[in-house]
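These notes are about the structure you will find just below.
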Amino acid sequence: MRNSLGSRLLALRLAALLLLPIGAAEAQPDGAMRWAGPFRTMSTAAAGNIVGSPAVAPDGTLYIGVQVGSASSASTAGILFALNPDGTEKWRFETPDWIDSTPAIAPDGTIYFGCWDGILYALRADGTPKWTYPVDAYIASSPAIGGDGTIYIGGGTTLAAINPDGSLRWTFPAPDWIDSSPAIGPDGTIYFGCWDFSVYAVRPDGTEKWRYATESEVVGSPALAADGTVYIGSRDVNLYSLNPDGTLKWRTELDGGIESSPVLGRDGTVYVTTDEGRLHALEPSGAERWRFPTTGQTALNPIYSSPAVRADGSIVFGSSDNAVFAVRPDGSLLWQSALGDWTDSSPLVTSDGSIYIGCSDKSVYALASASSAMLTDWPQLRRDPQRTGWQPMGTVPGTSGRLTNMSIRTLVATQLEERPIIGFVVGGTGGQTLLVRAVGPTLGDFGLTGWLPDPQLAVHSTQGLLDQNDNWGLAANAAQIAAVSATVGAFPLPEGSADAVVLREFAAGPYTVPISDAGGATGVALMEVYSAGTGSGTRLVNVSARSAVAGGESTLIAGFVIEGQSRAILVRGIGPTLAEFGVPGTMGNPELRVYRGQQLLAENNDWSTAPLAAAAASQGNLVGAFPLAAGSADAVLLVNLPAGIYTAQVTGVGGETGIALVEVYETP
């Protein structure tokens, strides 16, 4: 138990220290071709196709499956390609049948995909096989990865739940084929469609929660809103909006059958394509806002590509017209870029200025994108660039996980008003033994430059100064500090280092920990709070940090661990509202991102536009957070996260600098 905890906490430290963004692609006109080769003939067979969609890992590696040979060929095969961001081949993995399944990438780099041979494959990031699991008959469905690492995929008439080690967790039998790719809600519910004309909701234990009958086959994947609404289309030409309990919210009849997956814009607009060749935009109420092309214009050829919404609000999709289209938020054409043939593949919009899409000419195309991906409720196929199909946003009552072992990485400035102030709250009654550390010099052992040479910390309660330390080895309880650090899994501090540590019992209540340098220097420091004892009815419930944010290594990062079960967490990145408390030089427009390892889970810029904004405000009142004015540029996220290691990062939009506050709350 402790060894496992130690590994997790070390991973947290490394994640907080080493998490780096992927470099941006060279600027080109929006929609311009970046490359389409050398994979003009990814399959050397005369027949074959690319109908699956690409996925991209945090390091920029692109994964996509292809078909080799025709359906009537005696030697059909498949290939999963790993491509570098410049389009060159990294490696390939061959299978005995077609790969139409879109790969999903786990936080540890494992690539999961299905094959027409009925097998779910798990590959390591270097392309070597990790394990395989035979699901059923052919697999056209794409895998989804739950927050706990469970892989869900449809094969034949079976929905399978597979553990990360390749062992079977359970199977759910369906009355007909499952082409639909499952999607996972924040409470672990798995949603998928079936050829029996139904939409299914299955509990995390594999039992049926509900089913909803449509009037034709359901082959597309659902999109899940943060409020629990399930959006899914059917070949019966209707788009369905279902409540979390499976009752109908609304359905809207469109101009053709729906085999693609709907996606959601920042304002809740639902975008979906039809086999009659149109992109439809629907209000959250189900009323049609517009269609492209308009009713008076000639429709495109059938569209099976799911759209993707970019951060500027534009919508990108592929078509059977041998082109990729980009449409403005008002439904007018922004641009179109020619392909060598038709495409059923769904575009992948990344944060590095790229749009990737597969094509039936056996090519993968990379287009320049003037706007990054939007990450709101469900902005593109399978929600995120790793195509996990998991929705982390949403509140789930009664979750019992708990926040433990929180950390803040920040810049310690020389100016008094810019020096960081760390805060944490011990909830409940009684006392809790905590290990509080301010680490500077030892950060150099992890390759971080610009660290604070001689950090000192002072712990203040509401009664005044409680404790303080400069060099941890000079503390009276130094031997106990070293022993407890090893017990809770904190990385060791060298004997005689200038890092600062306090180990003591803390009563329930709020605490502040200003960090400075004994010699007045500036640099990056890591402040950590570890639960070092069971306590008597007390627990860590909040950590916060106010600091100068200057970008790069001066990004404000809060790390936290959730143990036990899942927990709804409120995360806030505050800038302009700090000015109301007399703080000078505040950041005018902070941006907040929550990561699991290098996987971006959610982001927000301007809290009023965040998913679950009203619920976030309500939860803020419950935990005692100061209120935010409607329309302020502060950032807020309410996420439901399973046990694991996470970081919250605050940066300024457009590289803006200033004083910002990051807060992480365990919600009731």
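All values below come from the heavy atoms of this structure, side chains included, with hydrogens, waters and symmetry mates left out. On a predicted model such as this, the values are computed, not experimentally measured, just so you know.
- Donor-acceptor pairing under 3.5 Å is lacking for the side chains of T433 and R504.
- Put simply, the side chain of I569 reaches to within 4.5 Å of the side chain of V664, judged on heavy atoms.
- A 4.5 Å side-chain heavy-atom check between L661 and F626 finds at least one atom pair inside the cut-off.
- Note that the OG1 atom of T577 and the CG atom of D634 stand 3.5 Å from one another [nearest 0.5 Å].
- Between S608 and G631, the shortest heavy-atom distance links the atoms OG-N, 2.9 Å.
- A cation-pi contact, defined as under 6.0 Å to the ring centre and within 45° of the axis, links R437 to F491.
- Between R203 and D187, none of the side-chain N atoms (NZ, or NE/NH1/NH2) sits under 4.0 Å from a carboxylate O, so this pair counts as no salt bridge.
- In this structure, the side chain of R546 does not engage the main chain of G423 through any donor-acceptor pair within 3.5 Å.
- Aromatic ring centres of Y646 and Y595: separated by at least 6.0 Å.
- Judged by distance alone, the side chain of D384 and the main-chain N or O of R387 form a donor-acceptor pair under 3.5 Å.
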- [ ] Test R169 against T150 for side-chain hydrogen bond (donor to acceptor under 3.5 Å, both in side chains), laying out the working first.
- [x] CA-CA 8 Å; R169 187 171 178 184; T150 303; 2.6 Å; yes

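- Here the straight-line distance linking atom CG of D108 with atom CD of Q598 works out to 12.0 Å at 0.5 Å rounding.
- Counting heavy atoms from C-beta outward, S497 and W472 have side chains that approach closer than 4.5 Å.
- Residue N405 holds its CG atom at 5.5 Å from OG of S531, rounded to the nearest 0.5 Å.
- There is a side-chain donor-acceptor pair under 3.5 Å between Q432 and T538.
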TODO: Please report the C-alpha distance between V230 and L224 in whole Å, then the side-chain angles of each, then the deciding distance to 0.1 Å, and finally whether the side chain to side chain contact (heavy atoms under 4.5 Å, CB included) criterion is met.
DONE: CA-CA 5 Å; V230 181; L224 307 181; 3.9 Å; yes

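- When the shell of 6.0 Å around CD of Q565 is examined, it contains 12 or fewer heavy atoms from other residues, nucleotides or ligands.
- R567 places none of its side-chain heavy atoms less than 4.5 Å from the side chain of N640.
- Annotation for V571 and A648: closest pair CG1-CB, 3.6 Å, computed over non-hydrogen atoms.
- Pairs of residues two or more places apart, or lying in two chains, that qualify as salt bridge (charged side-chain N to carboxylate O under 4.0 Å, His left out) and include a residue from residues 597-610 are R593-E603.
- The two residues G440 and P455 have their closest heavy-atom pair at N-CG, 3.8 Å.
- No donor-acceptor pair closer than 3.5 Å links the side chain of N605 to the backbone N or O of V653.
- When all heavy atoms are compared, the tightest approach of L637 to N604 is CD2-CB, 3.8 Å.
- Q391 CD to I184 CD1: the interatomic distance, rounded to the nearest 0.5 Å, is 11.0 Å.
- Between G575 and T586, the closest heavy-atom pair is O-CB, 3.4 Å.
- When atom types are taken as modelled, the side chain of E656 and the backbone of G588 share a donor-acceptor pair closer than 3.5 angstrom.
- Side-chain atoms of D227 come within 3.5 Å of backbone N or O of T229 as a donor-acceptor pair.
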Open item on the list: As a quick check of understanding, evaluate side chain to side chain contact (heavy atoms under 4.5 Å, CB included) for V541 and V426, giving each step before the final call.
Closed with: CA-CA 6 Å; V541 295; V426 178; over 6 Å; no

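- In this structure, Q649 contributes its side chain and L556 its backbone to no donor-acceptor pair below 3.5 Å.
- Here CZ of R409 is found 10.5 Å from OG of S547. Values are rounded to the nearest 0.5 Å.
- Residues P58 and P107 fail the side-chain proximity criterion, which asks for heavy atoms closer than 4.5 Å.
- Taken from CH2 in W390 to CD1 in I145, the straight-line distance is 10.5 Å, to the nearest 0.5 Å.
- Closest non-hydrogen pair, M393 versus A602, comes out as SD-CB, 4.0 Å.
- Between N469 and Q456 there is no side-chain heavy-atom pair separated by less than 4.5 Å.
- Ring pair Y511/F506 is perpendicular by interplanar angle, where above 60° counts as perpendicular and below 30° as parallel.
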Open item on the list: Test salt bridge (charged side-chain N to carboxylate O under 4.0 Å, His left out) on E563 and R402; report intermediate values, then the result.
Closed with: CA-CA 6 Å; E563 290 192 343; R402 57 181 296 175; over 6 Å; no

Open item on the list: Before you tell me yes or no, could you show the steps for S544 and F424 under side chain to side chain contact (heavy atoms under 4.5 Å, CB included), namely the whole-Å CA-CA distance, both residues' side-chain angles and the distance that decides it to 0.1 Å?
Closed with: CA-CA 6 Å; S544 63; F424 62 90; over 6 Å; no

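- Contact of the L622 side chain with the T667 side chain is not registered, since no non-hydrogen atoms from C-beta on lie closer than 4.5 Å.
- R572 has its side chain within reach of L628: a pair of non-hydrogen atoms, C-beta onward, lies under 4.5 Å apart.
- Each of V501, L457, D454 was scored for a side chain to side chain contact (heavy atoms under 4.5 Å, CB included) with D470, with one residue passing: D454.
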Open item on the list: For a side chain to side chain contact (heavy atoms under 4.5 Å, CB included) check, start with the C-alpha distance between I422 and I515, then their side-chain angles and the critical distance, and finish with the verdict.
Closed with: CA-CA 8 Å; I422 314 299; I515 297 178; 3.9 Å; yes

